Asker: 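Structure in structure tokens, see below.
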Amino acid sequence: QVQLVESGGGLVEPGGSLRLSCAASGFSFKTYGVSWYRRTPDKARELISTVSSRGSTDYIDAVKGRFTVSRDDDRNMVYLEMTSLRPEDTAVYYCNTNYVARSLNYWGPGTQVTVSS
């Protein structure tokens, strides 16, 4: 069974850092691009970053220069290094692939990130 589990969230002060992890089971990340998303009650889930199967990366302007996405296919893991965190980064963070999200209509539980003084 396909499963995605995000972890590493928590409460941090503005300017702090967190490292989020995304673990997949039931399929391999190897041939997929993997994206990070975030969601708040105020708006729909939004795409924030993607790492391709070849390791190329893309970021939205709001996180560019502060967040870094990476992958470890041997461990079937994807990571999101978050630095210089701002209160506006507060959200539930999710990882997914287009295949799992669109074709299987599956999302993991997400991990809560709260940036506050």
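Residues: numbered from 1 along the sequence shown. This is a predicted model, so every value here is computed, not measured.
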Asker: Do Y37 and F29 share a hydrophobic cluster, counting only Ile, Leu, Val, Met, Phe, Trp and Tyr and linking them when any side-chain heavy atoms are less than 4.5 Å apart?
Answerer: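 Y37 does not cluster with F29.
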Asker: Indicate, with yes or no, if V34 and I48 share a hydrophobic cluster defined by side-chain heavy-atom contacts under 4.5 Å among Ile, Leu, Val, Met, Phe, Trp and Tyr.
Answerer: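 Yes; V34 is reachable from I48 via cluster members.
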Asker: Can you check whether V69 reaches Y79 side chain to side chain, under 4.5 Å on heavy atoms?
Answerer: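 With C-beta onward as the side chain, the pair stays apart.
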Asker: So for atom CG, which belongs to D72, do other residues, nucleotides or ligands contribute more than 12 heavy atoms lying within a distance under 6.0 Å?
Answerer: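 Yes.
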Asker: Is it possible for you to say whether F67 and V12 belong to one hydrophobic cluster, with membership spreading through side-chain heavy-atom contacts below 4.5 Å?
Answerer: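 Same cluster.
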Asker: Within the side chain of R75, is there an N or O that forms a donor-acceptor pair under 3.5 Å with the backbone of R71?
Answerer: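 Such a contact is absent between R75 side chain and R71 backbone.
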Asker: Are the side chain of R39 and the backbone of A44 linked by a donor-acceptor contact shorter than 3.5 Å?
Answerer: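 No: the side chain of R39 does not pair with the backbone of A44.
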Asker: Taking the side chain from D58 and the backbone from T50, do they hold a donor-acceptor pair closer than 3.5 Å?
Answerer: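 The answer is no, because no donor-acceptor pair under 3.5 Å joins these two groups.
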Asker: Of all the heavy-atom pairs spanning S53 and K30, show the shortest one and how long it is.
Answerer: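 In this case the closest contact between S53 and K30 is CB-O, 3.7 Å.
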Asker: Got a second to check how far S17's OG is from R19's CZ, nearest 0.5 Å?
Answerer: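 Rounded to the nearest 0.5 Å, the OG-CZ separation comes out at 12.5 Å.
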Asker: Could you state whether W36 and F27 fall into the same hydrophobic cluster, counting links through intermediate Ile, Leu, Val, Met, Phe, Trp or Tyr residues with side-chain heavy atoms under 4.5 angstrom apart?
Answerer: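 Yes, same cluster.
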Asker: Please tell me if the side chains of E13 and S116 come closer than 4.5 Å, counting only heavy atoms from C-beta onward.
Answerer: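 No, too far: nothing below the 4.5 Å cut-off.
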Asker: Has N76 got a side-chain atom pairing as donor or acceptor with D73's backbone, closer than 3.5 angstrom?
Answerer: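 Judged by distance alone, no pair lies under 3.5 Å.
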Asker: Do V51 and V78 come close enough that some side-chain heavy atom pair is under 4.5 Å?
Answerer: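 V51 vs V78: side chains touch.
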Asker: So how far is it from R38 CZ to T90 OG1, rounded to the nearest 0.5 Å?
Answerer: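 These two atoms lie 9.0 Å from each other.
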Asker: Hey, what do you get for OG (S49) to OH (Y93), rounding to the nearest 0.5 Å?
Answerer: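 Output value for this atom pair is 11.0 Å.
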Asker: Step by step, would you call L85 with L18 a side chain to side chain contact (heavy atoms under 4.5 Å, CB included)?
Answerer: CA-CA 8 Å; L85 284 162; L18 284 173; 4.2 Å; yes
Asker: Measuring from C95:SG to M77:CE, what's the distance to the nearest 0.5 Å?
Answerer: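 C95 atom SG to M77 atom CE measures 9.0 Å (nearest 0.5 Å).
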Asker: Taking side chain as C-beta onward, heavy atoms only, is D89 less than 4.5 Å from R66?
Answerer: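 Yes, close enough: below the 4.5 Å cut-off.
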Asker: When you measure from the side chain of Y106 to the backbone of L4, do you find a donor-acceptor pair of N or O atoms at a distance under 3.5 Å?
Answerer: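 Present.
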Asker: May I ask whether M82 and V5 are part of the same hydrophobic cluster, defined by side-chain heavy atoms of I, L, V, M, F, W, Y residues being less than 4.5 angstrom apart, directly or through others?
Answerer: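 Result: no, two separate clusters.
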Asker: Relative to Y94, does R45 satisfy both conditions: NZ or CZ under 6.0 angstrom from the six-membered ring centre, and within 45 degrees of the ring's axis?
Answerer: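 Satisfied, under 6.0 Å and within 45°.
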Asker: Rounded to the nearest 0.5 Å, what separates atom OG in S35 from atom CD in E46?
Answerer: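 Taking OG in S35 and CD in E46, the distance rounds to 12.5 Å.
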Asker: State, to 0.1 Å, how close G110 and V92 come at their nearest heavy-atom pair, and which atoms those are.
Answerer: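 Heavy-atom minimum between the residues: CA-CG1, 3.8 Å.
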Asker: Please report the interatomic distance OG1(T31) to CZ(R54), rounded to the nearest 0.5 Å.
Answerer: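 It is 11.0 Å, given to the nearest 0.5 Å.
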Asker: Check whether any side-chain heavy atom of P14 lies under 4.5 Å from a side-chain heavy atom of S117, and answer yes or no.
Answerer: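 A side-chain contact under 4.5 Å exists here.
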